[in-house]
Amino acid sequence: MIPINNFLVLSSILFSLGIYGVLARRNAVLILMSVELMLQAVSINFIAFAVYLSPQAFTGLIFAVFVITIAAAEVGLALAIILRLYRNKSTANVDEADMMKW
Amino acid sequence: MVIETRPPHESDLETIDINVNVGPQHPATHGVFRMVLTVDGELVVDLDPVIGYMHRGNEKLPENCDYRQVIGYHDRTDYLAQFNTEHCYVEAVEKLAGIKPPERAEYIRVILAEINRIASHLMFFGAFGTDIGLFGTSFMYAFRDRETIQDLFEEVTGERMMYNYFRPGGVAWDLPDNFRQRCMQVLDSVERGVEQLDGLMMENEVVLARCRGLSPVTPEDAINWGLSGPMLRATGLAHDIRRAEPYSIYDRFQFDIPTGKRGDVYDKLVVRLEEMHQSARIVRQALETMPEGPIMAEGLKRVLRVPAGEVYMRVESPRGEYGVYLVSQGSDKPWRHKVRGASFSNLSALRAMAVGNFVSDVIIILGSIDIVLCEVDR
Amino acid sequence: MTYEEVIFYVIAVPTVVGAIGVVTARNVVHSALFLILSLLSVAGIFILLSAEFLAIVQVLIYGGAVTILVLFAMMLTRVRDLPAALDGPQRPFAALAAGAFMAVSIFSMVSTDWPGETDKINVISIEQIGNDLFTTWAVPFEVASLVLMVALLGAIVLARGEEGE
Amino acid sequence: MSLVLISHNPWLESLARLAIIALLVPVTVIILTWVERKVIGRLQMRLGPMRVGPYGTLQGVADTIKLLTKEDVRPQTADRWVFELAPFVIVVPVFMAVVAIPFTADLFIKNLTLGLFYFVAVSGLSIVGFVMAGWGSDNKYALLGGVRAAAQLISYEIPLVMAILAVAMLSQSLNLAVIVGAQEDTPNIAYQSLAFIIFAIAGLAELYRQPFDIPVAESEVVGGPFVEYSGIRWSMFQLGEFVNLVLISILGSLIFLGGWQWPWSVFDASVPVAAQVAMMAVKTGTFIFFFMWMRASLPRLRIDQMMSFCWQLLLPFAFLQIIINGLVLVYDWPNEILIPLSGAAAAGAVYLTYRAARATGVRYQPGYQTVGSVL
C-alpha cells in the first residue's frame, strides 16, 4: 500500500519547483507553466486527502475538478494577456512590463 | 458569411515574416520554378519568382542550325504543345521565304495542332487537380485520354513527345491510311473523357469553394500584364489569335471563343474545358473537308535559304500567344531567332495575382497559369 | 516496498524530472514539452489514487492546452533566444525561497499525524462524483462554468484588440 | 474466445493482451496500406500494386522491409530529442487508445467504464507529436504543417467529442460495450443521423485525409511535419495514421452502426464470435472505404474554409443535436421522435454546406482585403 505521505511529499516538491519557476523565470509563458505546476501539486494534495482521509465527503475530488476548470480558464486568459503585452511591448518578458510601476 | 481581415497595423502582433522557398524542388511548381514566399502565418505578403533553372539556350542554339533543324528545338520549347509551336515556326519560315504549303498540309497541321491543344489542356487539368489536392484522380482521368491522343500522334509521326513532323513547306510525310477513322474514334473517346473530367472537377463543391472568386483579374490588368490565351479570355476578352489574326486556314472553320466573366481561377478552368470542345469541333470540320493531294510544296531546295528580312509570326498555343521572331540574312541559318513564350508572360503576372492570398491559394493560382518551365526559361 | 510503491516511484520520477525541466530548460519549447511529461505523469498519479475520471480529464484538457502553450512559446520567442533572457537575476533567491518552502512543507507533512487517516485508498466511483457535483455542489459548478465562459470571452476580447485599431 | 484462458495471473494476462496488440496492429496496418493503394488505384482506373505477390498482396510487406532498412536521417540543425521523440509521441497514444476498444462482446483488452472518454482523451494527445515534429525538424514546411495540424486537430476534436457525447447521452453510458448493447433494436445512426454526419466529417479531419489533409498537403507543405523524416521514423507516422484510421472506423461502427449487435440481435439468436467479428469487419470496412473514397474524389479545402466550416457549421449543429437529445431525455419522449428531428437537422446541415460551397460572387480581391469563407 502506498502511504499518503508519498503523495504529499511529491506534491510539495512540485509546488516548490513551481515557486522557483515563478520567481526565477522572466518569460511570461514560462511563469504560466510554473503556475500550472503549482496547480497540479494542489490537485494531487486534494485528491490524496479525499481518498485517504474523508472517503465519505470526498470534497477534495470535487475541488480538483474545479481546479482543472479554473486552470483552463486561467491559461486562456493569461495567454490573451501575454499576447496583449507582446503586442504593446513586443516582448513577453515580465521585467519589461513596468509601465504601471511609477 | 465573410471573415474580415484588415491591413496590419503598427500596434498589431509583430510576428516574424518567414521566407519559404517553394521550389525548385517542390511537387507543386511544375518543374523547376522557384518562388520565395514571404509568409505571415498562412498569408503570403510577398512573392519573388526565380526562374532560369531550365535555361538551355533554346533561342540561341537554333542560330547555328539549318532552318529544318530548328523544328526540333520548338518541340522542346513547349513540350506539351509541340505541334502548336512547330506550326508557329514553320509558318514564320514560310512567310519569310514566301513558300505556299499545299492545302492538305495545312489541314494536317490544323488537325494535329488542335488535337495537341486538347492534350495540353488535359495535362493542365491533371496537374491542377494535383495542385488542389485531388490525390491523382484527375491526373489519371486526364492521362487516360491524353494517352489515346499520344497513340494517335505516334501513329502519325512515329514519336510520342518530340514529333518533329511539320516542315517549312508542308509536313514530313503523309498521314496513315485510316487516319480519319482513327481520329474520329479518338475524338469521341476524348470528348467522353472530358465530360467525365467536367463532372469530377467543375461541379465538385470543394473545387467551387476553392476556385470561385479566387484572385480575379480585370481585363485592363490582364492587358497591362500582357496575359494571353485562356488567362486573358477568362477575364472576358474574346481575344483569340485564330480569330483576331487568322493564320493558316483557321478562317475556314466555325468555332466559338469561350470567355469567362470574372477572371478568377474557376473561369480559367471553364475556359480551358470549353476550348477542348471547340478544338474538337474544328478537328471534325477539318476532317470532313480535308482534300487529297500533295503534302509538300513543289520546288524546295535541299538546303533551304531564306531571303534576307525579318518576320514575327504568332499563333494561339494552348497557353496563349506563342510567337517566333526571325531575322534572316539570306543564309541557310536564321541570324536571329527569338521566341515569345506565353507561359513567360503569363507567369510575370503571378506576383500581382498571388500576393495577399493564402499559401494554398498561391499554389493553385500558380497552377492555373499552366506554365511549362521549358517555355519560360527557354 | 510493495509493488504499488514501485509503480508510484516509476510515475513520480518522471513527474519531478518534468517539473525540473520546466523550470530549468534553456528553451521555451523544451520547457513546454517537459510540462507535458510532468502533467501526464500527474495523470498517472491520479490513477494510482483511483481517480480515473480526473486522470482522463487531465489528459484531455492539458493535451490541448499545453499544445497551445507550445505554440505560443514558439510564436512569442525567437527560436534562438539568448538563454540568459529566460531567467532573472533573482535566481538564487528563488532557489532559496523554494528550498525553504519545500523543507518546511515536507517536514510538516511527514510529522503531522493526519486525523482519520486510512491505510488504503478508498475508491470513489464516477457516479458518486457526478451525483455530488450536480446536487451538493450544483451552485459552485454553475459558477465555475460561468467563470469559464467569462474568462474565455475576456480572452477573445483581449486577443482580438479594439475595433479599428 | 475469452483471453482469460491464459492464466489468472493479472500480470501475465495483461502482457499477453499487450502482445496481441503489438502483433495484430502492425499486421493490420500492412494489410491496410495494400488495401488503400488498391482501392484508390481502382477508383482512379489503375490496377494499383500488382508486382509483389499475387495481385500485389505482398506489397505492404515489401514496403515495410524497405522502410525498416532505410537510413534514418536527421537534419543537422534539427532539435535532436524533440525530432527523435516526436514519432513516439504520435504512436504511443494511438496504441494506448487501442486498449479501450472492444472488438466483440468478449474480445477486448480492457473493458473500461469510461472507455469512450478515455479514447477521446488519449487520441487527442498525438497533436503534441505533430507540433514536436514540425518544430523540431527546423524546416519551414514542417513548421507550417505542424502549426496547421495543431489548429486543425484541436478544432475538430470539439465537434467530434460533441457527436460522441450525443450518443453517450442517448445510451446513458460511457462504456463502449454498454453503448453497443443499447443498440439491439435500432442502431444509433437512425436516432442520431446528425451526430453521425458530424462524426464522419470530424473523423475525416482528425485523420487529416482529403479534403482535410491541410497539415500534410503534398502540393503545399510537401508532407508537412513528416518532411524531414525517413525510414523507420517516417513509417511510425504512417503506422500512427493507419491505426488511427482503424480506430476511428471501429469507434464509428461501435457507437453508430450497432457494433457486433445489430442486425444479429434482431433475429434474437445467440451469435458465434466469428459472426460478430465478421459483422465488425464489414462495418469497419465500410468506414475505411468511405475515408479512402473521399481521399480519391475530393480536393483539399483552404485552411480558413476548414476552420469556419468547423466553428460555424459543425459545432453549432453538434450543439443542436445535444439540445435535441436533452429535450427528448428530459421530457421522456419516445426515442422514435429523434429520427425525424435529427434527420431534419442533418438535412439542414447538408443543405447549408451545399449552398455555401456554391455561393457565388467575388469574395476576394488581390491585396489585403476580405478573406472568403465556405459559408
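Letters A, B, ... mirror the listed sequences (proteins, then strands); counts begin at 1.
- In this structure, R300(D) and D131(B) approach most closely via the heavy-atom pair NH1-O, 3.7 Å.
- At a 4.5 Å heavy-atom cutoff, I214(D) makes no contact with chain B through either its backbone or its side chain.
- The shortest distance between side-chain heavy atoms of K140(D) and L37(B) does not fall below 4.5 Å.
- In F344(B), the CZ atom is not crowded: 12 or fewer heavy atoms of neighbouring residues, nucleotides or ligands sit closer than 6.0 Å.
- From E205(B), atom CD reaches atom CG of L298(D) across 8.5 Å, with rounding to the nearest 0.5 Å.
- With chain D as the partner, the residue from N21(B), I364(B), V217(B), V362(B) showing the most heavy-atom pairs under 4.5 Å is N21(B).
- With a 4.5 Å cut-off on non-hydrogen atoms, I363(B) touches chain D through its side chain but not through its backbone.
- The salt bridge (Lys or Arg N to Asp or Glu O under 4.0 Å) search around D221(B) returns none, not counting sequence neighbours.
- Counting non-hydrogen atoms of other residues, nucleotides and ligands closer than 6.0 Å to CD of Q25(B) gives a total of 12 or fewer.
- Scanning both residues, Y141(D) and V22(B), for their nearest heavy atoms gives OH-CA, 3.4 Å.
- Both the backbone and the side chain of R295(D) come within less than 4.5 Å of a heavy atom of chain B.
- Shown here for Q44(D) and M140(B), the closest heavy-atom pair between the two residues is O-CB, 3.3 Å.
- Judged as a salt bridge (Lys or Arg N to Asp or Glu O under 4.0 Å), and not counting sequence neighbours, D48(B) has no contacts.
- Interatomic distance, CZ of F358(B) versus CG of D304(D), reported as 4.0 Å (0.5 Å rounding).
- Test S297(D), P299(D), P211(D) against N204(B) for side chain to side chain contact (heavy atoms under 4.5 Å, CB included) and you get one pass: P299(D).
- Atoms OG and CZ, from S360(B) and R148(D) in turn, are 5.5 Å apart once rounded to the nearest 0.5 Å.
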